[in-house]
Amino acid sequence: CIRDRLEKASTIYFPLGYHNMNDYQAKEDGQIIDADGCLYLRDNQSVYIPGGAFVEGLVDREKYQNVNQKLYGRGILSGRQYLWAHHPDAPFNDDPYHPDYHRQIVNLGDNAEINGLMIMESHHHGIVARKTRIENLKMLGWHCNNDLVRVGDGSEISNCFLRAVDDHFYNYNIHVHDVVLWAGHNGAIVTFGWASYETGASLLENIDIINPEWTGLGNNNGLIASQVDFDFKPQDYGTGSTMTIFRDIRIEGDIPGLTNLKSKVRDGSWASPKIPAADVGYVGDVILENITVNSQWGKGVLKGNSDPATDADTTFWVQNVHFKNVSIGGEPLTETNKTDYFDINAYTRNITFQSVFVDITEPPNGAFISQDSLLTVVVDAQSITGIEKVEFYYDDSLLVTDDAVPFEAIYECLKAGKRKISVKAYDNPDNFAEDSVSINVFFPDDVLPEINFISPADSSSFIFSEPVELNVITTDNIGII
């Protein structure tokens with residue numbers, strides 16, 4: 001029967017033409033395609049929708065623990081036959097968390113893959129999965145609550161065109177790169193989440209954001225937003241860093257604000273319940289570098305809260321947010337003009353604005369360099385207004401100045417030992433950025449050290465499990481470290 005073949009299939013294939021999943025299975029409980037036209041995948045199962053195939057239905061995992069599920073092809077998966085989740089006639093419209101309600105058009109397990117498809121017209125959320133690789137996806141949201149991609153720790157999304165009408169991504173240590181995003185009127189590009197999600201440590205780079213439709217920042221619009229409770233703290237997911245990084249982002253159009261970092265707000269008022277002072281966290285740990293915004297008509301939000309605790313005076317901070325080489329309307333953001341573009345209250349700290357970006361790309365920090373070699377130091381320096389010069393230092397002494405790309409210098413006659421290489425990049429005489437690395441310079445030596453045993457003597461005997469004391473004399477022409 002078709003049920004047995006579907007359950008045993010490694011790949012489920014839809015030929016060219018129109019398909020409605022409701023037409024392929026008896027509508028009984030426990031079927032691999034259920035009464036709602038939802039296809040349930042087992043471990044190691046794939047769905048292939050080729051170009052020229054149009055499929056109406058939903059794809060779900062059989063259980064949370066499923067692994068190695070794949071959805072691919074060049075065809076279309078549509079949820080157009082389903083009513084919007086909050087439509088008065090939609091099933092469970094008053095309870096979208098009901099166990100029988102399908103909340104997303106695609107829901108996969110761990111180590112999943114989605115490649116090449118167009119997914120459109122989801123009735124609620126878009127793609128939900130654990131660790132997932134998404135590539136060459138075209139996805140179109142159409143209504144509020146069309147959160148687009150909510151995938152887990154370690155996921156990668158690249159070479160996609162995505163339009164959300166809610167949050168594009170949740171900040172679950174994901175890597176998003178080389179994508180085009182179209183922001184609808186509702187939702188951030190990245191959210192720290194609502195209430196007490198465990199989020200942080202994502203990297204987003206080389207992204208074009210087109211035609212943003214935000215009519216205001218609201219609760220959750222902007223490039224990065226948060227609607228978190230007072231116990232929120234950014235997570236590192238085992239990476240060793242909680243920093244969320246936005247790099248090489250281009251935003252066209254006229255936006256209300258770039259950031260929307262705060263605790264939960266409803267109807268213009270703080271909405272997070274107070275908690276014990278010992279549990280109060282913070283939101284932040286964000287780097288925004290090499291970002292251009294065509295224009296901005298409002299102000300971004302960076303607002304902490306002065307009264308989050310039930311039992312003591314403490315602060316819920318917005319902290320550790322760093323703007324590097326960011327411009328709005330062609331104007332670089334600086335410490336001087338920051339309040340022209342951001343609403344920053346008194347409960348923020350370590351919010352920095354730097355219009356120059358500089359990074360020593362060679363040598364790496366901690367490199368070992370032979371004293372008799374030439375060391376080439378290579379620098380990546382950028383500014384919206386252009387780099388005027390880069391100064392190269394050796395142990396805090398100015399060595400050379402370079403005023404043309406590529407910015408580099410050759411160091412010679414190095415002193416042995418641990419040394420400091422540092423640079424300063426200027427876009428005008430009063431504005432610069434710095435970077436530095438440490439290197440280990442060693443004396444070139446091809447003479448091996450010598451080791452001579454004093455005790456025990458050659459051919460000595462020992463009692464098993466008893467300790468043995470070793471005494472040696474070592475010599476070397478330049479010393480033993």
Side-chain angles (χ1 to χ4, degrees), residues 158 173 175-178 200-208 223-224 236 239-251 258 284-293 320-328 332-335 338 350-369 373-411 414 418-441:
S158 66
N173 180 34
H175 183 197
V176 182
H177 61 96
D178 303 293
S202 292
L203 170 62
L204 295 94
E205 55 185 346
N206 195 28
I207 294 173
D208 289 282
L223 179 63
I224 176 72
D236 70 358
T239 66
S241 173
T242 58
M243 299 303 295
T244 297
I245 300 173
F246 295 85
R247 177 188 298 142
D248 302 326
I249 312 290
R250 298 159 295 276
I251 305 177
L258 188 60
D285 294 353
V286 178
I287 295 174
L288 304 98
E289 62 184 21
N290 301 337
I291 295 175
T292 59
V293 181
N320 307 328
V321 183
H322 306 292
F323 298 84
K324 302 179 180 181
N325 195 30
V326 178
S327 70
I328 297 177
L333 298 185
T334 66
E335 294 289 344
K338 62 186 179 184
N350 197 24
I351 312 295
T352 64
F353 294 83
Q354 193 173 53
S355 61
V356 183
F357 168 80
V358 64
D359 178 47
I360 297 174
T361 59
E362 289 290 339
N365 189 48
F368 284 83
I369 310 294
S373 66
L374 296 178
L375 171 63
T376 300
V377 178
V378 181
V379 166
D380 177 20
Q382 301 176 39
S383 170
I384 299 298
T385 57
I387 295 297
E388 181 179 285
K389 64 179 180 179
V390 176
E391 295 177 343
F392 293 80
Y393 292 81
Y394 184 63
D395 283 348
D396 298 321
S397 295
L398 179 62
L399 185 69
V400 68
T401 298
D402 192 3
D403 61 3
V405 176
F407 299 110
E408 58 185 37
I410 297 177
Y411 289 47
L414 301 173
K418 189 170 185 177
R419 302 298 174 192
K420 178 183 177 184
I421 301 291
S422 58
V423 296
K424 292 182 180 180
Y426 294 79
D427 65 353
N428 68 59
D430 300 317
N431 193 47
F432 65 89
E434 299 177 90
D435 192 26
S436 65
V437 296
S438 294
I439 61 172
N440 300 283
V441 181

What's the shortest heavy-atom distance between [X] and [Y], and which atoms?
| X | Y | result |
| --- | --- | --- |
| P363 | L375 | CG-CD1, 4.0 Å |
| V437 | I360 | N-CD1, 4.1 Å |
| S436 | S422 | CB-CB, 3.8 Å |
| I387 | A425 | CD1-CB, 4.4 Å |

Atom [atom1] of [X] and atom [atom2] of [Y]: how far apart are they, to the nearest 0.5 Å?
| X | Y | atom1 | atom2 | answer |
| --- | --- | --- | --- | --- |
| Y411 | T376 | OH | OG1 | 10.5 Å |
| F357 | D435 | CZ | CG | 8.0 Å |
| I249 | I224 | CD1 | CD1 | 11.0 Å |
| K424 | L398 | NZ | CG | 9.0 Å |
| N428 | K389 | CG | NZ | 10.5 Å |
| T244 | N320 | OG1 | CG | 11.5 Å |

Any side-chain heavy atom of [X] within less than 4.5 Å of one from [Y]?
| X | Y | value |
| --- | --- | --- |
| Y426 | V356 | no |
| S327 | I291 | no |
| Q382 | N290 | yes |
| H322 | N350 | yes |
| S202 | V176 | no |
| L223 | L204 | no |
| E388 | P429 | yes |
| K418 | S438 | yes |

Handout entry: Candidates T242, N173, D285 - the one meeting side chain to side chain contact (heavy atoms under 4.5 Å, CB included) with D236
Key =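 Considering T242, N173, D285, a side chain to side chain contact (heavy atoms under 4.5 Å, CB included) with D236 is found only for T242.
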Handout entry: Chi angles and distances behind the side chain to side chain contact (heavy atoms under 4.5 Å, CB included) call for L399, V377
Key = CA-CA 12 Å; L399 185 69; V377 178; over 6 Å; no
Any donor-acceptor pair under 3.5 Å linking the side chain of [X] with the backbone of [Y]?
| X | Y | value |
| --- | --- | --- |
| T361 | V378 | yes |
| N325 | E289 | no |
| D402 | E408 | yes |
| N440 | G366 | yes |

Practice task
Check step by step if side chain to side chain contact (heavy atoms under 4.5 Å, CB included) holds for Y394 and I421.
Solution key: CA-CA 5 Å; Y394 184 63; I421 301 291; 3.5 Å; yes
Exercise for the section: Decide side chain to side chain contact (heavy atoms under 4.5 Å, CB included) for T352 and E335; before the verdict, give the C-alpha distance in whole Å, the side-chain angles of both, and the deciding distance to 0.1 Å. Expected result: CA-CA 7 Å; T352 64; E335 294 289 344; 4.1 Å; yes
Practice task
Using the six-membered ring wherever Trp is involved, compare the ring planes of F323 and F353 and label them parallel, tilted or perpendicular (cut-offs 30° and 60°).
Solution key: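 Geometry flag for F353 against F323: parallel rings.
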Exercise for the section: Establish, from distance only, whether the side-chain atoms of N431 and S355 form a donor-acceptor pair under 3.5 Å. Expected result: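 There is such a pair between these side chains.
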Handout entry: Donor-acceptor pair between N206 and R250 side chains, under 3.5 angstrom
Key =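 There is such a pair (donor and acceptor under 3.5 Å, judged by atom type) between the side chains of N206 and R250.
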Practice task
For side chain to side chain contact (heavy atoms under 4.5 Å, CB included), just list the numbers for F246 and I207, CA-CA rounded to whole Å, side-chain angles, deciding distance to a tenth of an Å, and then say yes or no.
Solution key: CA-CA 9 Å; F246 295 85; I207 294 173; over 6 Å; no
